[in-house]
Amino acid sequence: MIHAIILTVPRKAAVRPAAAPAIIKQIFNKHRVKSKCLDINLDYFTRFQQQCDPVLWNEIDEYLFIKNKQLGASAQILFDQLIQHWIDLISTYQPKQLLISVFSWQAQRFTEKFLEKFRSQYTCEVIIGGQGLIREENGSFADRPTFAHYLKQLGLIDHWIRGEAETTIPAIIQGNYNVAGIDTDFFAERSNIADQPVMDFGDFDIRSYKNGSKHGVLPIESSRGCVRKCVFCDIPTIHGGFRVKSGSQLANEMIHYYEQYGVRDFFFHDALCNGSMKDFRQFNRTLIDYYESHNLPNRHFVYSSHAIVRRPNAMRPVDFEHMARAGAETMVLGIESGSDRVLADMRKDFTMADLDYNMAQYSKNKMQVYFLMITGFPTETEADHQASLNLLTKYQRFVADGTIIGVNLGTTLTIEQGTPMFDQPNTLNIIGINNQRPQGADWMCKDNPELTYKKRIMRRIQIQEHCEQLGYTFWKGDDQLKTLMDKYQERLARIQELVH
Amino acid sequence: MKIQLNFAVEQKLGDPLIKVTIDDYMLLYDGVAQDSLEFDVPLDDGNHELKITHHGKTVHDHVLNSDGSIAMDKHVEIVGIHLDDTLLTGELWLGKFFPVYMHKADNEPYSICPNLYLGHNGTWVLEFATPALKWLIDLRRQGPQLSNTIFKTNHQVLQEIKNIFENLPDV
């Protein structure tokens, strides 16, 4: 008898199992409660996509993340069939609880439509959690989990979990819903990351995810929070102070997944793997020692992660060399801009000279990097924008030698709750539109008034075009441009409403 | 465009001579082979040919063992080429060597590929294009292929949305 079903729902890339369901399952295991993880998202991007007419599938896919999109009759039938297929399957397990991991705002529409039908056909306790508990327009942090409140009002859920499962699921198992994080606007108590048990991926068909890896890829976590305080980022607010697993604990966890599931590829889903250089060095050293003691070659495992750009005295050439030997494959770097002045305003804590050093080391040691960039930071002038274009031109050689494997530009700078920019907009002389508090894309900088929303979008488009001409692999461009178009049209409609 | 050529040069039987040209008309070097040569060449965008010619070798410029195998041979070996500071890897093996034989060559190949060892007199030819980095990127197509994934980026979508935005009011 399965007590709880833990669902992963569309829409997120089906490249590996999600971590949250595997963490929750392990907590259930610890309390001797039977649970099962099911991944609708994987089914959506494999079986369902393959059996759909591509045009109809595309219509459904856009419907999931474009707010103003509606489904035509044929697409609606297919979408309903997908949902019904899963309701039927879940019903066969007769669970007492259904837990849904709402990974981001892109999972909200599916969650709502799924629950509308599920609730009318099956009775059990429905609990949701995840980053998608707030509306997209509220960023990834808000003082109120608006989407959760909305579903609760509709009667589609019984409870929500805001924050970490480690401190809330055990209470739920004991029937105690009166703890921080359960149905509260504030976050759950934060756990000690070092106490976190290894995740249970036993329910996942690890090799069926679409990532090109023969052995499959698993998520892994080294830390929560961040050591830096970039003004546009809400991670320190969401996750609290920086907490990190010891390097040997982390390496041994990876070895456990290898021995248990045969997986050799890992992706760190935390904000950075090199927040604590002491632990990062120990992690790489432990892996290298494991290879040597088991007659395995260097890079027997490969891992990819977000990382911060560090100064030469903090991350020495030998650290890069050990990283490469341990198996570092792709590092996702938030490089943001080509302008030192903008980087300083962002409080990124590195310069272009530091980035040049990091890039040379990644290239020399044959590791890959993936750039995250932000266009339209409030203080970004035309000269700063040109500096970003120049940086991409200068680094074209790192595309040619295989070091840079992608650029992701996002949807221009937005000001989110929980970020220093939101809390102290005066620092950068930012004001809102129509006397509102600056939030989302609705802001302007008094020192840089020509940087309108349209200007920011046009700069973003120009960088994408520039990347295309230089031969960069550009990620998520279609999704992001369609999202920008959707947002801009919404803004136009709002303004027309005001005028009338 | 910056070109860097690296050679292993066998000088025990005297200095090999080489000539480096681009597209036949642009002479970059003619003289004694060096371990490394660097050039900064103004080239229009398009297709080009890099030619490295080994010349001046005579029938006396090799020494045979008693069994007839070659003990010592005047030669030049290409060990690396950088275009705009980027090392050619697999592309290097696309170069073809057209030997000039010093004997009647009924059964000898007209060209040898892959080959980086210029033992005979003759010309090694590599076709490439400029801008060189873009040529290499297109040729190598490294990294993940995103065309049918959630991560995709399409030129047509970019152009359509750019055109729409250009005509939208600035609000």
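Quantities reported herein were computed from a predicted structural model and do not represent experimental measurements. When reading the values below, keep in mind they use all heavy atoms of this one structure, side chains included, and skip hydrogens, waters and symmetry mates. Numbers restart at 1 for each chain; the letters A, B, ... are given by sequence-line order, proteins then strands.
Listed here is the closest heavy atom pair of A:A18 and A:K12: CB-NZ, 4.1 Å.
Of the residues considered (B:E166, B:E160, B:K152, B:R140), B:K152 shows the highest number of contacts with chain A, using heavy-atom pairs under 4.5 Å. Counting heavy-atom pairs closer than 4.5 Å to chain A, the top-ranked of the candidates B:T86, B:D170, B:I161, B:V157 is B:D170. When the candidates A:I461, A:I405, A:L484 are compared by the number of heavy-atom contacts under 4.5 Å with chain B, A:I461 comes out ahead. Your options are B:I164, B:L133, B:L136, and the one with the most heavy-atom pairs under 4.5 Å with chain A is B:L133.
Between the side chains of A:Y453 and A:D442, no donor-acceptor pair of N or O atoms lies under 3.5 Å. With no hydrogens or angles considered, a side-chain donor-acceptor pair links A:Q462 and A:H385 at under 3.5 Å.
A donor-acceptor contact shorter than 3.5 Å links the side chain of A:N408 to the backbone of A:G410. With A:D53 contributing its side chain and A:V55 its backbone, the two residues share a donor-acceptor pair below 3.5 Å. A side-chain donor-acceptor contact under 3.5 Å links B:D61 to the backbone of B:T58.
Aromatic pair A:W57/A:F45: ring centres closer than 6.0 Å. The aromatic ring centres of A:F371 and A:W475 sit 6.0 Å or more apart.
The residue from B:T123, B:I52, B:T53 that alone fulfils the side-chain contact (heavy atoms from CB on, under 4.5 Å) condition with B:K19 is B:T53.
At a 4.5 Å heavy-atom cutoff, A:Q489 makes no contact with chain B through either its backbone or its side chain. Interface residue A:Y488: only side-chain heavy atoms are found under 4.5 Å from chain B. For a residue to count as touching a neighbouring chain, one of its non-hydrogen atoms must lie under 4.5 Å from one of that chain's; by this rule A:M485 touches chain B with backbone and side chain alike. Looking at B:P131, neither its backbone nor its side chain comes within 4.5 Å of chain A, counting heavy atoms on both sides. Interface residue A:I495: only side-chain heavy atoms are found under 4.5 Å from chain B. Heavy-atom distances place the backbone of A:L470, and not its side chain, under 4.5 Å from chain B. With a 4.5 Å cut-off on non-hydrogen atoms, B:N154 touches chain A through its backbone and its side chain both. With a threshold of 4.5 angstrom between heavy atoms, B:L168 approaches chain A through its backbone and through its side chain. In this structure, the portion of B:Q159 lying under 4.5 Å from any heavy atom of chain A is its side chain and not its backbone.
A:Y44 does not carry A:R11 over the face of its six-membered ring by the limits of under 6.0 Å from the centre and within 45° of the normal.
Chain B is approached within less than 4.5 Å, heavy atom to heavy atom, by no residue from residues 363-370 of chain A.
For the pair A:V15/B:F151, a side-chain contact is recorded, criterion being any heavy-atom separation below 4.5 Å from C-beta on.
Salt bridge absent: A:K69 and A:D486 never bring a charged side-chain N and a carboxylate O closer than 4.0 Å.
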